[in-house]
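Data first, discussion second: the structure below is written as C-alpha coordinates.
Throughout, protein chains are lettered first and strands after them, A, B, ... in sequence-line order, and every chain is numbered starting at 1.
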Amino acid sequence: MRLYNTLSGHTEEFTARDGEALMYVCGITPYSDSHLGHAMSYVIFDTLRRYLEYRGLKVKHVQNYTDIDDKLIARAGREGVPMDEVAERYIREFERDTAALNILPAHIYPRATQEIPAIIEMIEGLIEKGYAYPSQPRDGSSDVYYRVEKKADYGKLSKRSLDSMLSGARIEPLEGKENPMDFTLWKGAKPGEPSWDSPWGPGRPGWHIECSAMSLRHLGKQIDLHGGGLDLVFPHHENEIAQTEAYTGEAPFSRFWVHNGFLQMGEEKMSKSLGNLITMREAIDRFGPDGVRIFILGSSYRKPLTYSEEAMAAAKVAAERLRVAVTCEDGGTGDPVDGAPYKERFIAAMEDDLNTSAAIAVLFDLAREINRARDAGRAVGEAQSTMRELAGVLGLRLEAADESLAAAPFVDLLIELRKELREAKQYALADRIRTGLAELGIVLEDGAGGTSWKSA
RNA sequence: GGCGACGUGGCCAAGUGGUUAAGGCAGGGGUCUGCAAAACCCCCAUCGGCGGUUCGAAUCCGCCCGUCGCCUCCA
(Lines give C-alpha, C1' and ligand atoms only; values in the text may rest on other atoms or scores of the structure.)
Protein backbone atom coordinates (compact mmCIF):
# COMPACT_ATOMS: atom_id res chain seq x y z
CA MET A 1 0.00 0.00 0.00
CA ARG A 2 0.96 3.61 -0.42
CA LEU A 3 1.70 5.44 2.81
CA TYR A 4 2.80 8.97 3.56
CA ASN A 5 6.21 8.96 5.24
CA THR A 6 7.00 12.00 7.37
CA LEU A 7 10.71 11.26 7.03
CA SER A 8 10.79 11.55 3.24
CA GLY A 9 7.87 13.92 2.96
CA HIS A 10 6.38 11.69 0.26
CA THR A 11 3.88 8.93 -0.19
CA GLU A 12 5.77 5.68 -0.71
CA GLU A 13 5.03 2.02 -1.20
CA PHE A 14 5.01 0.37 2.20
CA THR A 15 6.62 -3.04 2.50
CA ALA A 16 8.07 -5.00 5.37
CA ARG A 17 11.68 -6.01 4.99
CA ASP A 18 11.42 -9.53 6.34
CA GLY A 19 7.83 -10.46 5.67
CA GLU A 20 6.87 -9.20 9.09
CA ALA A 21 6.18 -5.53 9.68
CA LEU A 22 7.81 -4.27 12.84
CA MET A 23 5.62 -1.48 14.15
CA TYR A 24 6.15 0.72 17.17
CA VAL A 25 3.43 3.12 18.28
CA CYS A 26 4.02 5.69 21.00
CA GLY A 27 1.71 4.99 23.90
CA ILE A 28 0.26 7.10 26.66
CA THR A 29 1.55 8.56 29.87
CA PRO A 30 -0.99 7.13 32.29
CA TYR A 31 -1.56 10.05 34.64
CA SER A 32 -5.22 10.84 33.88
CA ASP A 33 -8.22 9.76 31.80
CA SER A 34 -7.58 9.06 28.15
CA HIS A 35 -9.64 11.20 25.81
CA LEU A 36 -11.07 11.11 22.32
CA GLY A 37 -7.81 12.44 20.89
CA HIS A 38 -6.03 9.34 22.12
CA ALA A 39 -8.82 7.23 20.70
CA MET A 40 -8.24 8.89 17.35
CA SER A 41 -4.58 7.98 17.26
CA TYR A 42 -5.02 4.39 18.38
CA VAL A 43 -8.03 3.75 16.17
CA ILE A 44 -6.01 4.95 13.20
CA PHE A 45 -2.98 2.76 13.92
CA ASP A 46 -5.26 -0.14 14.73
CA THR A 47 -6.93 0.27 11.35
CA LEU A 48 -3.56 0.43 9.62
CA ARG A 49 -2.50 -2.74 11.37
CA ARG A 50 -5.78 -4.49 10.58
CA TYR A 51 -5.44 -3.58 6.94
CA LEU A 52 -1.85 -4.79 6.68
CA GLU A 53 -2.88 -8.06 8.28
CA TYR A 54 -5.91 -8.28 6.00
CA ARG A 55 -3.52 -8.05 3.07
CA GLY A 56 -1.58 -11.00 4.44
CA LEU A 57 1.29 -9.22 6.16
CA LYS A 58 2.37 -10.30 9.59
CA VAL A 59 2.62 -7.40 12.00
CA LYS A 60 4.47 -7.19 15.27
CA HIS A 61 3.09 -4.28 17.23
CA VAL A 62 4.78 -2.78 20.27
CA GLN A 63 3.28 0.08 22.25
CA ASN A 64 4.79 1.55 25.36
CA TYR A 65 3.50 3.05 28.57
CA THR A 66 5.47 6.00 29.90
CA ASP A 67 4.94 5.16 33.54
CA ILE A 68 7.53 7.54 34.93
CA ASP A 69 7.10 11.25 34.31
CA ASP A 70 6.78 14.63 36.07
CA LYS A 71 3.00 14.73 35.86
CA LEU A 72 2.70 11.21 37.15
CA ILE A 73 4.91 12.07 40.11
CA ALA A 74 2.88 15.22 40.76
CA ARG A 75 -0.40 13.35 40.62
CA ALA A 76 0.79 10.64 42.95
CA GLY A 77 2.03 13.32 45.34
CA ARG A 78 -1.34 15.07 45.33
CA GLU A 79 -3.19 11.83 45.99
CA GLY A 80 -0.66 10.62 48.49
CA VAL A 81 -0.27 7.25 46.78
CA PRO A 82 2.70 5.57 45.08
CA MET A 83 3.31 6.50 41.47
CA ASP A 84 2.91 2.99 40.16
CA GLU A 85 -0.54 2.81 41.68
CA VAL A 86 -1.65 5.84 39.67
CA ALA A 87 -0.07 4.45 36.52
CA GLU A 88 -1.65 1.06 37.05
CA ARG A 89 -5.10 2.61 37.43
CA TYR A 90 -4.97 4.60 34.20
CA ILE A 91 -3.38 1.77 32.25
CA ARG A 92 -6.27 -0.44 33.27
CA GLU A 93 -8.75 2.22 32.15
CA PHE A 94 -6.95 2.64 28.86
CA GLU A 95 -7.00 -1.08 28.19
CA ARG A 96 -10.67 -1.31 29.05
CA ASP A 97 -11.58 1.57 26.72
CA THR A 98 -9.40 0.53 23.81
CA ALA A 99 -10.85 -2.97 24.05
CA ALA A 100 -14.34 -1.44 23.93
CA LEU A 101 -13.31 0.41 20.80
CA ASN A 102 -12.28 -2.91 19.27
CA ILE A 103 -8.65 -1.84 19.10
CA LEU A 104 -6.46 -4.93 18.83
CA PRO A 105 -4.02 -5.19 21.72
CA ALA A 106 -0.36 -4.70 20.91
CA HIS A 107 1.80 -7.81 21.15
CA ILE A 108 4.00 -6.21 23.78
CA TYR A 109 3.32 -3.30 26.12
CA PRO A 110 6.70 -2.40 27.62
CA ARG A 111 6.82 0.05 30.50
CA ALA A 112 9.61 2.51 31.09
CA THR A 113 10.06 1.46 34.70
CA GLN A 114 10.62 -2.13 33.65
CA GLU A 115 13.26 -1.29 31.08
CA ILE A 116 15.72 0.64 33.25
CA PRO A 117 18.73 -1.68 32.65
CA ALA A 118 18.29 -1.45 28.87
CA ILE A 119 17.97 2.32 29.11
CA ILE A 120 21.11 2.65 31.22
CA GLU A 121 23.03 0.42 28.86
CA MET A 122 22.03 2.57 25.94
CA ILE A 123 23.00 5.81 27.69
CA GLU A 124 26.37 4.34 28.60
CA GLY A 125 26.92 3.39 24.98
CA LEU A 126 26.05 6.91 23.84
CA ILE A 127 28.52 8.40 26.30
CA GLU A 128 31.26 6.03 25.12
CA LYS A 129 30.70 7.05 21.53
CA GLY A 130 30.80 10.71 22.43
CA TYR A 131 27.13 11.39 21.77
CA ALA A 132 26.24 12.11 25.36
CA TYR A 133 27.80 13.63 28.45
CA PRO A 134 26.94 13.86 32.14
CA SER A 135 26.49 17.22 33.81
CA GLN A 136 28.32 18.33 36.94
CA PRO A 137 26.98 16.29 39.84
CA ARG A 138 24.83 17.95 42.49
CA ASP A 139 23.85 16.07 45.64
CA GLY A 140 25.63 13.01 44.29
CA SER A 141 23.77 12.65 41.01
CA SER A 142 24.11 14.00 37.50
CA ASP A 143 21.89 14.59 34.49
CA VAL A 144 23.01 13.11 31.20
CA TYR A 145 22.47 15.08 28.00
CA TYR A 146 22.47 14.11 24.36
CA ARG A 147 24.90 16.14 22.26
CA VAL A 148 22.81 17.35 19.29
CA GLU A 149 25.70 18.90 17.40
CA LYS A 150 27.56 15.62 17.10
CA LYS A 151 25.30 14.21 14.41
CA ALA A 152 24.98 16.31 11.27
CA ASP A 153 21.48 15.19 10.31
CA TYR A 154 19.75 16.22 13.53
CA GLY A 155 16.43 17.75 12.50
CA LYS A 156 15.88 15.55 9.46
CA LEU A 157 12.45 14.34 10.52
CA SER A 158 10.95 17.68 11.49
CA LYS A 159 12.88 19.45 8.72
CA ARG A 160 14.44 22.03 10.98
CA SER A 161 17.99 23.11 11.41
CA LEU A 162 19.62 23.65 14.76
CA ASP A 163 19.95 27.33 13.86
CA SER A 164 16.25 27.74 13.27
CA MET A 165 15.48 25.96 16.51
CA LEU A 166 17.77 28.23 18.43
CA SER A 167 16.25 31.32 16.88
CA GLY A 168 12.90 30.31 18.36
CA ALA A 169 12.39 32.35 21.48
CA ARG A 170 11.11 29.47 23.55
CA ILE A 171 14.31 27.73 24.52
CA GLU A 172 15.84 28.57 27.81
CA PRO A 173 19.52 27.77 27.95
CA LEU A 174 20.05 25.39 30.80
CA GLU A 175 23.07 25.50 32.99
CA GLY A 176 25.40 22.62 32.27
CA LYS A 177 24.29 22.06 28.69
CA GLU A 178 26.80 22.51 25.90
CA ASN A 179 24.05 23.47 23.51
CA PRO A 180 20.60 24.68 24.60
CA MET A 181 19.02 22.05 22.33
CA ASP A 182 20.80 19.17 24.03
CA PHE A 183 18.10 17.02 25.57
CA THR A 184 17.97 14.95 28.70
CA LEU A 185 18.68 11.23 28.60
CA TRP A 186 18.86 10.78 32.35
CA LYS A 187 17.48 12.99 35.07
CA GLY A 188 19.29 13.13 38.38
CA ALA A 189 16.87 12.49 41.25
CA LYS A 190 15.45 15.27 43.34
CA PRO A 191 14.60 14.48 46.95
CA GLY A 192 11.45 12.40 47.35
CA GLU A 193 11.23 11.37 43.71
CA PRO A 194 11.18 7.77 42.58
CA SER A 195 14.66 6.87 41.36
CA TRP A 196 16.90 4.07 40.18
CA ASP A 197 20.62 3.60 40.71
CA SER A 198 22.86 4.38 37.78
CA PRO A 199 26.49 5.14 36.98
CA TRP A 200 25.51 8.82 37.34
CA GLY A 201 23.86 8.42 40.71
CA PRO A 202 20.17 7.90 41.49
CA GLY A 203 17.77 9.21 38.86
CA ARG A 204 15.29 8.32 36.17
CA PRO A 205 15.17 8.16 32.38
CA GLY A 206 14.29 11.17 30.26
CA TRP A 207 11.25 10.93 28.07
CA HIS A 208 12.76 10.14 24.68
CA ILE A 209 15.26 7.45 25.61
CA GLU A 210 12.67 4.97 26.81
CA CYS A 211 11.08 4.57 23.38
CA SER A 212 14.47 4.06 21.76
CA ALA A 213 15.51 1.47 24.32
CA MET A 214 12.24 -0.41 24.17
CA SER A 215 12.05 -0.38 20.43
CA LEU A 216 15.61 -1.66 20.25
CA ARG A 217 15.05 -4.37 22.79
CA HIS A 218 11.68 -5.64 21.54
CA LEU A 219 11.91 -5.04 17.80
CA GLY A 220 15.59 -4.68 16.93
CA LYS A 221 17.91 -2.06 15.50
CA GLN A 222 15.76 -1.15 12.54
CA ILE A 223 12.01 -1.20 12.31
CA ASP A 224 9.52 -0.72 9.51
CA LEU A 225 7.07 1.75 10.95
CA HIS A 226 6.99 4.13 13.87
CA GLY A 227 3.75 5.93 14.61
CA GLY A 228 2.21 8.53 16.82
CA GLY A 229 0.47 11.88 16.92
CA LEU A 230 1.70 14.79 14.87
CA ASP A 231 2.82 16.59 18.01
CA LEU A 232 5.44 13.92 18.60
CA VAL A 233 7.40 14.75 15.46
CA PHE A 234 9.38 17.31 17.37
CA PRO A 235 11.03 16.89 19.71
CA HIS A 236 10.16 13.33 20.66
CA HIS A 237 10.63 11.43 17.41
CA GLU A 238 13.44 13.64 16.22
CA ASN A 239 15.32 12.79 19.39
CA GLU A 240 14.51 9.11 19.18
CA ILE A 241 16.02 9.02 15.72
CA ALA A 242 19.13 10.88 16.83
CA GLN A 243 19.92 8.72 19.82
CA THR A 244 18.98 5.38 18.26
CA GLU A 245 20.95 5.93 15.07
CA ALA A 246 23.89 7.26 17.04
CA TYR A 247 23.83 4.21 19.26
CA THR A 248 23.34 1.49 16.66
CA GLY A 249 25.24 3.18 13.85
CA GLU A 250 22.48 2.05 11.52
CA ALA A 251 20.02 4.24 9.67
CA PRO A 252 17.20 4.62 9.26
CA PHE A 253 16.01 3.66 12.71
CA SER A 254 12.52 3.38 11.25
CA ARG A 255 11.85 3.22 7.51
CA PHE A 256 8.44 4.82 7.82
CA TRP A 257 7.29 7.51 10.20
CA VAL A 258 3.54 7.89 10.25
CA HIS A 259 1.74 10.65 12.12
CA ASN A 260 -1.91 11.30 12.64
CA GLY A 261 -3.47 14.77 12.62
CA PHE A 262 -5.00 16.23 15.70
CA LEU A 263 -8.45 16.23 17.12
CA GLN A 264 -9.64 19.79 17.44
CA MET A 265 -12.06 20.90 20.09
CA GLY A 266 -13.81 23.84 18.52
CA GLU A 267 -11.02 26.32 17.98
CA GLU A 268 -8.38 24.51 19.97
CA LYS A 269 -6.81 21.12 20.10
CA MET A 270 -8.17 18.69 22.63
CA SER A 271 -5.57 18.10 25.28
CA LYS A 272 -5.10 17.23 28.87
CA SER A 273 -3.31 20.45 29.64
CA LEU A 274 -6.11 22.59 28.18
CA GLY A 275 -8.71 20.55 30.00
CA ASN A 276 -11.16 20.70 27.10
CA LEU A 277 -11.71 17.07 26.56
CA ILE A 278 -14.21 14.31 26.05
CA THR A 279 -12.95 11.14 27.66
CA MET A 280 -12.83 7.94 25.68
CA ARG A 281 -15.28 6.45 28.12
CA GLU A 282 -17.83 9.21 27.66
CA ALA A 283 -17.58 9.10 23.87
CA ILE A 284 -18.06 5.32 23.82
CA ASP A 285 -21.03 5.48 26.18
CA ARG A 286 -22.77 8.18 24.23
CA PHE A 287 -22.04 7.27 20.62
CA GLY A 288 -21.07 3.60 20.70
CA PRO A 289 -17.77 2.08 19.61
CA ASP A 290 -18.78 1.95 15.95
CA GLY A 291 -19.98 5.53 16.08
CA VAL A 292 -16.65 6.67 17.48
CA ARG A 293 -14.71 4.73 14.88
CA ILE A 294 -16.83 6.03 12.02
CA PHE A 295 -16.39 9.58 13.27
CA ILE A 296 -12.62 9.13 13.33
CA LEU A 297 -12.24 7.12 10.14
CA GLY A 298 -14.67 9.32 8.23
CA SER A 299 -11.93 11.80 7.53
CA SER A 300 -8.30 11.61 6.49
CA TYR A 301 -5.98 10.42 9.23
CA ARG A 302 -3.45 13.12 8.46
CA LYS A 303 -5.83 16.06 8.62
CA PRO A 304 -7.10 17.76 11.72
CA LEU A 305 -10.51 16.51 12.79
CA THR A 306 -12.89 18.76 14.65
CA TYR A 307 -15.07 17.37 17.39
CA SER A 308 -18.71 18.35 17.48
CA GLU A 309 -21.75 16.83 19.10
CA GLU A 310 -23.52 16.98 15.77
CA ALA A 311 -20.79 15.10 13.90
CA MET A 312 -20.60 12.44 16.62
CA ALA A 313 -24.35 11.97 16.60
CA ALA A 314 -24.29 11.72 12.80
CA ALA A 315 -21.63 9.01 13.03
CA LYS A 316 -23.75 7.07 15.49
CA VAL A 317 -26.75 7.13 13.15
CA ALA A 318 -24.49 6.19 10.24
CA ALA A 319 -23.20 3.15 12.15
CA GLU A 320 -26.79 2.07 12.68
CA ARG A 321 -27.45 2.31 8.96
CA LEU A 322 -24.58 -0.05 8.23
CA ARG A 323 -25.72 -2.38 10.97
CA VAL A 324 -29.21 -2.66 9.55
CA ALA A 325 -27.90 -3.56 6.09
CA VAL A 326 -25.51 -6.19 7.37
CA THR A 327 -28.03 -7.86 9.69
CA CYS A 328 -31.24 -7.69 7.67
CA GLU A 329 -32.94 -10.90 6.62
CA ASP A 330 -32.16 -12.29 3.21
CA GLY A 331 -34.44 -11.09 0.43
CA GLY A 332 -34.93 -14.51 -1.11
CA THR A 333 -33.33 -16.65 -3.76
CA GLY A 334 -33.28 -14.20 -6.66
CA ASP A 335 -30.16 -13.10 -8.52
CA PRO A 336 -27.52 -12.79 -5.76
CA VAL A 337 -25.76 -9.50 -5.11
CA ASP A 338 -22.07 -9.56 -6.03
CA GLY A 339 -19.92 -7.96 -3.37
CA ALA A 340 -16.68 -8.33 -5.32
CA PRO A 341 -16.68 -4.93 -7.06
CA TYR A 342 -17.20 -3.25 -3.69
CA LYS A 343 -14.37 -5.19 -2.17
CA GLU A 344 -12.12 -4.09 -5.00
CA ARG A 345 -13.05 -0.44 -4.50
CA PHE A 346 -12.57 -0.77 -0.75
CA ILE A 347 -9.08 -2.18 -1.15
CA ALA A 348 -8.15 0.46 -3.73
CA ALA A 349 -9.17 3.16 -1.25
CA MET A 350 -7.19 1.63 1.60
CA GLU A 351 -4.14 1.14 -0.61
CA ASP A 352 -4.15 4.86 -1.25
CA ASP A 353 -2.58 6.12 1.98
CA LEU A 354 -5.28 4.59 4.14
CA ASN A 355 -8.19 6.49 2.62
CA THR A 356 -10.69 5.29 5.18
CA SER A 357 -13.17 7.96 4.25
CA ALA A 358 -13.49 6.59 0.72
CA ALA A 359 -13.50 3.05 2.12
CA ILE A 360 -16.45 3.89 4.36
CA ALA A 361 -18.26 5.41 1.40
CA VAL A 362 -17.91 2.03 -0.34
CA LEU A 363 -19.54 0.39 2.68
CA PHE A 364 -22.50 2.75 2.41
CA ASP A 365 -22.83 2.10 -1.30
CA LEU A 366 -22.85 -1.62 -0.62
CA ALA A 367 -25.40 -1.15 2.15
CA ARG A 368 -27.75 0.60 -0.27
CA GLU A 369 -27.29 -2.15 -2.85
CA ILE A 370 -28.05 -4.81 -0.25
CA ASN A 371 -31.18 -3.05 0.97
CA ARG A 372 -32.42 -2.48 -2.54
CA ALA A 373 -31.77 -6.08 -3.56
CA ARG A 374 -33.42 -7.41 -0.44
CA ASP A 375 -36.58 -5.43 -1.25
CA ALA A 376 -36.48 -6.94 -4.71
CA GLY A 377 -36.36 -10.49 -3.34
CA ARG A 378 -32.75 -11.14 -4.26
CA ALA A 379 -30.18 -13.12 -2.28
CA VAL A 380 -27.95 -10.85 -0.22
CA GLY A 381 -26.27 -13.28 2.19
CA GLU A 382 -22.97 -13.36 0.36
CA ALA A 383 -22.85 -9.62 -0.09
CA GLN A 384 -23.55 -9.24 3.61
CA SER A 385 -20.62 -11.42 4.53
CA THR A 386 -18.39 -9.41 2.21
CA MET A 387 -19.64 -6.28 3.91
CA ARG A 388 -19.00 -7.75 7.34
CA GLU A 389 -15.49 -8.67 6.26
CA LEU A 390 -14.70 -5.16 5.00
CA ALA A 391 -16.28 -3.47 8.00
CA GLY A 392 -14.09 -5.72 10.14
CA VAL A 393 -10.98 -4.27 8.52
CA LEU A 394 -12.10 -0.90 9.87
CA GLY A 395 -12.73 -2.52 13.24
CA LEU A 396 -16.49 -2.06 13.02
CA ARG A 397 -18.49 -4.73 14.83
CA LEU A 398 -21.92 -3.71 13.51
CA GLU A 399 -23.63 -5.54 16.33
CA ALA A 400 -26.75 -4.51 18.12
CA ALA A 401 -25.86 -3.22 21.56
CA ASP A 402 -28.92 -4.64 23.25
CA GLU A 403 -28.60 -8.39 22.87
CA SER A 404 -28.07 -9.10 26.52
CA LEU A 405 -30.34 -6.43 27.98
CA ALA A 406 -31.86 -7.66 31.22
CA ALA A 407 -35.28 -6.33 30.24
CA ALA A 408 -35.38 -8.33 27.01
CA PRO A 409 -38.03 -10.87 28.13
CA PHE A 410 -40.32 -8.05 29.25
CA VAL A 411 -39.94 -6.24 25.98
CA ASP A 412 -40.78 -9.45 24.14
CA LEU A 413 -43.89 -9.84 26.28
CA LEU A 414 -45.05 -6.31 25.48
CA ILE A 415 -44.45 -6.90 21.79
CA GLU A 416 -46.60 -10.03 21.96
CA LEU A 417 -49.34 -8.09 23.71
CA ARG A 418 -49.15 -5.29 21.17
CA LYS A 419 -49.42 -7.78 18.35
CA GLU A 420 -52.72 -9.03 19.72
CA LEU A 421 -53.99 -5.49 20.16
CA ARG A 422 -53.10 -4.66 16.58
CA GLU A 423 -54.83 -7.77 15.33
CA ALA A 424 -57.91 -6.59 17.21
CA LYS A 425 -57.39 -3.15 15.63
CA GLN A 426 -56.93 -1.61 19.06
CA TYR A 427 -54.41 0.82 17.61
CA ALA A 428 -54.59 3.43 20.34
CA LEU A 429 -53.51 0.94 22.96
CA ALA A 430 -50.94 -0.65 20.67
CA ASP A 431 -49.39 2.76 20.03
CA ARG A 432 -49.23 3.47 23.73
CA ILE A 433 -46.99 0.45 24.14
CA ARG A 434 -44.79 1.64 21.31
CA THR A 435 -44.47 5.23 22.52
CA GLY A 436 -44.07 4.09 26.11
CA LEU A 437 -41.17 1.82 25.16
CA ALA A 438 -39.70 4.58 23.00
CA GLU A 439 -39.59 6.84 26.03
CA LEU A 440 -37.64 4.12 27.80
CA GLY A 441 -35.21 3.96 24.91
CA ILE A 442 -36.61 0.91 23.13
CA VAL A 443 -37.51 1.38 19.48
CA LEU A 444 -39.95 -1.03 17.81
CA GLU A 445 -39.90 -1.81 14.12
CA ASP A 446 -42.67 -3.72 12.38
CA GLY A 447 -41.20 -5.76 9.56
CA ALA A 448 -42.56 -8.39 7.24
CA GLY A 449 -41.39 -11.16 9.54
CA GLY A 450 -42.75 -9.63 12.74
CA THR A 451 -41.74 -6.90 15.13
CA SER A 452 -38.13 -6.38 16.15
CA TRP A 453 -36.68 -3.96 18.68
CA LYS A 454 -33.47 -2.21 19.55
CA SER A 455 -32.30 0.22 22.17
CA ALA A 456 -31.71 3.73 20.88
C1' G B 1 10.04 35.29 14.70
C1' G B 2 10.80 30.09 12.31
C1' C B 3 8.28 25.60 10.29
C1' G B 4 3.72 23.42 8.69
C1' A B 5 -1.54 22.34 7.80
C1' C B 6 -6.30 23.72 6.40
C1' G B 7 -10.57 26.74 4.05
C1' U B 8 -15.56 21.97 -0.82
C1' G B 9 -23.64 22.13 -0.16
C1' G B 10 -27.27 23.70 6.46
C1' C B 11 -23.35 20.34 9.33
C1' C B 12 -19.25 16.54 8.83
C1' A B 13 -16.14 15.05 4.83
C1' A B 14 -13.69 12.57 0.04
C1' G B 15 -11.70 14.19 -4.43
C1' U B 16 -5.59 17.41 -6.03
C1' G B 17 -5.60 18.73 -14.17
C1' G B 18 -10.42 16.44 -18.18
C1' U B 19 -17.28 12.13 -18.44
C1' U B 20 -23.14 14.16 -14.41
C1' A B 21 -17.75 17.35 -7.67
C1' A B 22 -17.90 10.40 -3.41
C1' G B 23 -20.23 9.18 1.11
C1' G B 24 -22.72 10.28 5.90
C1' C B 25 -26.01 13.51 8.84
C1' A B 26 -29.89 17.10 8.63
C1' G B 27 -33.98 19.06 5.39
C1' G B 28 -38.04 18.76 1.44
C1' G B 29 -41.20 15.54 -1.75
C1' G B 30 -42.84 10.41 -2.72
C1' U B 31 -43.39 4.62 -2.13
C1' C B 32 -44.38 1.05 1.75
C1' U B 33 -47.23 1.00 6.66
C1' G B 34 -53.57 1.02 10.46
C1' C B 35 -50.14 5.05 11.91
C1' A B 36 -44.96 5.03 12.71
C1' A B 37 -39.94 3.23 12.37
C1' A B 38 -36.57 0.98 9.05
C1' A B 39 -35.82 0.57 3.87
C1' C B 40 -36.27 2.35 -1.21
C1' C B 41 -36.92 6.49 -5.07
C1' C B 42 -36.44 11.84 -6.25
C1' C B 43 -34.62 16.95 -4.91
C1' C B 44 -30.73 19.98 -2.40
C1' A B 45 -22.86 22.75 -3.89
C1' U B 46 -19.17 24.99 -9.20
C1' C B 47 -15.21 24.14 -4.58
C1' G B 48 -12.55 31.45 0.78
C1' G B 49 -11.27 36.05 -2.62
C1' C B 50 -8.44 38.15 -6.75
C1' G B 51 -5.05 37.36 -10.69
C1' G B 52 -2.11 33.90 -13.71
C1' U B 53 -0.58 29.10 -16.38
C1' U B 54 -3.44 25.67 -19.63
C1' C B 55 -7.47 23.60 -25.11
C1' G B 56 -9.27 22.57 -20.03
C1' A B 57 -8.37 23.85 -12.67
C1' A B 58 -11.82 22.65 -6.78
C1' U B 59 -7.14 20.29 -8.36
C1' C B 60 -0.77 23.91 -10.62
C1' C B 61 1.60 29.15 -9.57
C1' G B 62 1.31 34.17 -7.11
C1' C B 63 -0.94 37.58 -3.85
C1' C B 64 -4.76 38.52 -0.24
C1' C B 65 -8.40 37.13 3.65
C1' G B 66 -9.62 33.58 7.46
C1' U B 67 -8.74 29.32 10.85
C1' C B 68 -5.55 25.97 13.30
C1' G B 69 -1.09 23.21 14.79
C1' C B 70 4.24 22.63 16.07
C1' C B 71 8.68 25.20 17.87
C1' U B 72 7.57 23.68 25.93
C1' C B 73 4.58 18.22 28.66
C1' C B 74 1.08 16.31 25.01
C1' A B 75 -1.89 10.86 20.66
Round to a whole Å and report the spacing from [atom1] of [X] to [atom2] of [N].
X        : N     : atom1 : atom2 : result
A:Ile91  : B:A75 : CD1   : P     : 13 Å
A:Trp453 : B:A38 : CH2   : P     : 18 Å
A:Ile296 : B:A13 : CD1   : P     : 13 Å
A:Leu394 : B:A13 : CG    : C1'   : 15 Å
A:Met350 : B:G15 : CE    : P     : 14 Å
A:Leu230 : B:C70 : CG    : C1'   : 7 Å
A:Glu309 : B:G24 : CD    : P     : 23 Å
A:Leu297 : B:C12 : CG    : C1'   : 14 Å

Are [Y] and [X] an aromatic pair, judged by ring center distance below 6.0 Å?
X        : Y        : answer
A:Tyr109 : A:Tyr65  : yes
A:His226 : A:Phe253 : yes
A:Phe256 : A:Phe14  : yes

Does any part of the side chain of [Y], heavy atoms only, come nearer than 4.5 Å to the side chain of [X], both counted from C-beta?
X        : Y        : value
A:Leu437 : A:Arg418 : no
A:Trp257 : A:Ile241 : yes
A:Cys328 : A:Gln384 : yes
A:Glu240 : A:Leu232 : no

Identified pairing partner of [N], criterion: Watson-Crick or G-U wobble below 3.5 Å:
N     : value
B:G69 : B:C3
B:G17 : none
B:C44 : none
B:A39 : B:U31
B:G9  : none
B:A57 : none
B:A26 : none
B:C50 : B:G62

Expressed in whole Å, how much space separates the [atom1] atoms belonging to [N] and [M]?
N     : M     : atom1 : answer
B:G10 : B:U46 : P     : 10 Å
B:C44 : B:C25 : C1'   : 14 Å
B:A58 : B:G48 : C1'   : 12 Å
B:C40 : B:U67 : P     : 41 Å
B:G56 : B:G9  : P     : 26 Å
B:A57 : B:G18 : P     : 11 Å
B:G62 : B:C70 : C1'   : 26 Å
B:C43 : B:G4  : C1'   : 41 Å

Taking any heavy-atom pair under 4.0 Å as a contact, classify [X]: base, sugar-phosphate, or nothing.
X        : answer
A:Arg75  : nothing
A:Gly227 : nothing
A:Phe364 : sugar-phosphate
A:Asn260 : base
A:Ser299 : sugar-phosphate

Report yes if at least one side-chain N or O of [X] is closer than 4.0 Å to OP1 or OP2 of [N]; otherwise report no.
X        : N     : result
A:Arg321 : B:A39 : yes
A:Arg345 : B:A22 : no
A:Asn371 : B:A38 : no
A:Arg160 : B:C71 : no

If you check the [X] side chain, which of [options] turns out closest?
X        : options             : value
A:Arg368 : B:A75, B:A38, B:G24 : B:G24
A:Gln264 : B:A75, B:C35, B:G69 : B:G69
A:Asp365 : B:A39, B:G23, B:G34 : B:G23
A:Ala358 : B:C35, B:C40, B:A14 : B:A14
A:Arg422 : B:C35, B:C71, B:A37 : B:C35

Is it true that the side chains of [X] and [Y] contain a donor and an acceptor less than 3.5 Å apart?
X        : Y        : answer
A:Asn355 : A:Ser357 : no
A:His61  : A:His107 : no
A:Tyr154 : A:Glu149 : no
A:Asp67  : A:Thr113 : yes

Open item on the list: Here's a test of your reading of the structure: between A:Leu305 and A:His208, which maps to the more 5' nucleotide of RNA chain B?
Closed with: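 Its nucleotide being nearer the 5' end, the pick is A:Leu305.
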Open item on the list: Using heavy-atom distances to pick each residue's nearest nucleotide on RNA chain B, tell me which of A:Tyr42 and A:Ala367 is more 5'.
Closed with: A:Ala367
Task: SB check A:Arg323 A:Glu320 (cutoff 4.0 Å) - done: yes
Kindly say whether, by distance alone, the side chain of [X] makes a donor-acceptor pair under 3.5 Å with the base of [N]?
X        : N     : answer
A:Ser300 : B:A13 : no
A:Asp431 : B:G34 : yes
A:Arg434 : B:C35 : yes
A:Asp375 : B:C41 : no

Measure all distances between protein nitrogen or oxygen atoms and nitrogen or oxygen atoms of nucleotides 4-6 of chain B, and list the pairs falling under 3.5 Å.
none

Open item on the list: If I take atom CZ from residue A:Arg422 and atom CD1 from residue A:Ile433, how far apart are they, to the nearest 0.5 angstrom?
Closed with: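 CD1 of A:Ile433 is found 11.0 Å from CZ of A:Arg422.
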Open item on the list: Within this structure, what is the CG-CZ distance for the pair A:Asn179 and A:Arg147, rounded to the nearest 0.5 Å?
Closed with: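 Spacing of CG (A:Asn179) from CZ (A:Arg147) equals 10.5 Å.
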Open item on the list: At under 4.0 Å between heavy atoms, how does the protein contact nucleotides 26-31 of chain B? Give one character per nucleotide, 5' to 3', with B, S or -.
Closed with: ------
